[in-house]
Amino acid sequence: MKAETLVEIIGSEFYTGIPDSQLKALCNYLMNTYGIDPKHHIIAANEGNCAAIAAGYHLATGKVPVVYMQNSGEGNIINPAASLLNDNVYGIPVIFIIGWRGEPGVHDEPQHVYQGKVTVKLLEDMDIRPYIIGKETTEDQLRMVMEDFRGILSTGKSVGFVVRKGGISYDGRTEYKNSHTMTREEIIRNIVKVSGEHPIVSTTGKASRELFEIREQNGQGHQYDFLTVGSMGHSSSIALGIALNRPDTKVWCIDGDGAALMHMGAMAVIGQMAPDNMIHVVINNGAHESVGGMPTAAGFVKLSEIAKGCGYRQIYHVSDETGLKAALTTAKKEKGLAFIEVEAAIGAREDLGRPTTTPVENKKGFMEFLKKYSS
């Protein structure tokens with residue numbers, strides 16, 4: 001199914017979402033057609049944020065909006081779907097387009113396996129009628145389904161298209177770039193060098209993949225690192241929990257701008273708790289790069305200023321390797337909750353691999369390593 005055909009059949013004038021690699025064709029089409037446009041297309045902070053924006057759009061216009069996301073975001077929409085959109089409450093109709101990672105029978109990464117099993121069931125449990133789009137789905141089939149969906153939407157209920165791998169295509173090209181020079185991998189390599197044998201919690205996506213490969217290249221073990229392969233936006237909270245309970249070591253968090261934005265309230269709690277031994281590094285390339293490169297709002301926001309407002313003690317904003325090395329070294333030496341925002345280029349190696357250990361193996365090795373800091 002061509003992305004432009006899908007959009008034409010759905011007939012909505014407004015899309016908001018969180019980019020997903022499974023929906024890359026749709027995301028690229030929307031970016032090429034609308035860019036970021038308050039009237040037609042907004043990339044939000046998290047999927048619940050999208051559902052609320054969509055609700056506001058409907059309240060203001062009476063029209064039906066579309067929310068797109070990876071199936072991992074279903075958890076973030078449960079609250080607004082059940083207590084805002086549902087026809088037992090306000091009856092606000094929304095069309096969801098959901099990338100089906102971890103579809104049963106299709107090989108995928110471990111963090112997607114269980115989510116894939118429950119994707120359709122979660123929609124049904126939220127009274128959102130699902131329809132699965134695959135490579136075999138025809139235009140006529142989709143038009144018939146959409147006609148049925150319009151009747152459902154008119155009653156104040158929501159519907160969902162669940163998209164299999166390769167279910168949507170797009171021939172257009174979209175290039176995502178910025179003016180920054182340091183790569184994320186170079187930044188992480190510097191963090192590894194300065195952090196030594198301190199524990200690191202890394203965010204989901206390419207950051208954790210690069211951290212794993214850097215350890216391999218250095219001939220180091222992986223016990224120092226907790227790779228948050230799923231649960232986007234929560235790595236800083238994991239690091240906080242560790243830092244508060246292992247006060248005898250510095251705890252490093254390698255975060256991304258999209259992840260930091262997704263659950264930015266965590267920064268307020270981190271600032272309130274203010275552990276002296278936590279260093280929160282946000283690599284900001286202004287993009288959801290791990291799922292295609294679509295922009296985040298962090299390109300327009302100074303996260304370091306937000307950290308300052310949240311009560312972080314040491315604040316650094318760097319754009320080159322010299323500044324990065326100085327910030328990392330000082331944050332390691334000084335006491336006080338630290339925040340380092342690092343401007344980064346968009347891009348990664350084509351041959352970037354994935355962790356060869358399982359999440360459970362990672363957890364066990366990391367927990368065993370942390371025992372050395374038991375107080």
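Here the structure is a predicted model, which is why all the values come from computation and not from measurement. For the numbers below, each heavy atom of this structure counts, side chains included, while hydrogens, waters and symmetry mates do not.
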query = Can you pull the ring pair (Phe, Tyr, Trp, His ring centres under 6.0 Å) pairs that have at least one residue in residues 114-140, sequence neighbours excluded?
reply = none

query = Do any pairs count as a ring pair (Phe, Tyr, Trp, His ring centres under 6.0 Å) and have a residue in residues 63-94, sequence neighbours left out, and if so which ones?
reply = H41-Y68

Hydrophobic cluster of [X], others only, ordered by chain and residue number, side-chain cut-off 4.5 Å:
X	result
L352	none
I200	M182, I187, I188, I191, V192, V194, L211, F212, I214, L227, V229, W252, I254, I279, V281, I283, Y316, V318, L324, L328, I340, V342
Y312	L240, L244, L261, M264, M267, V269, I270, M273, M278, V282, V301, L303, I306, I315, L337, F339

inquiry  = Taking the basic N atoms (NZ, or NE/NH1/NH2) and the acidic carboxylate oxygens, is any pair closer than 4.0 Å for K364 and E368?
reply    = no

inquiry  = If the threshold is 4.0 Å, N to carboxylate O, is there a salt bridge linking K121 and E124?
reply    = no

Any residue meeting ring-ring contact (aromatic ring centres under 6.0 Å, His included) with [X], in chain and number order, not counting sequence neighbours:
X	result
Y224	F369
H58	none
Y29	Y170
Y176	none

task = Can you sort out the partners of K250 under salt bridge (charged side-chain N to carboxylate O under 4.0 Å, His left out), two or more places apart, ordered by chain and number?
result = none

ask   = Would the F149 and F161 ring centres measure less than 6.0 Å apart?
value = yes

ask   = Among pairs that include at least one residue of residues 77-98, which meet salt bridge (Lys or Arg N to Asp or Glu O under 4.0 Å), considering only residues two or more places apart or in two chains?
value = D87-K157

task = Apply the side chain to side chain donor-acceptor pair (under 3.5 Å) test between E185 and each candidate in R349, R209, K206; give the one that qualifies.
result = R349

Would you list the atom pairs, donor with acceptor, under 3.5 Å between side chains in residues 102-109 and any protein atom, with sequence neighbours excluded?
| residue | atom | partner | partner atom | Å |
| --- | --- | --- | --- | --- |
| E103 | OE2 | R164 | NE | 2.7 |
| D108 | OD1 | R101 | NH2 | 2.6 |
| D108 | OD2 | R101 | NE | 2.9 |
| D108 | OD2 | G102 | N | 2.9 |
| E109 | OE2 | R354 | NE | 3.4 |

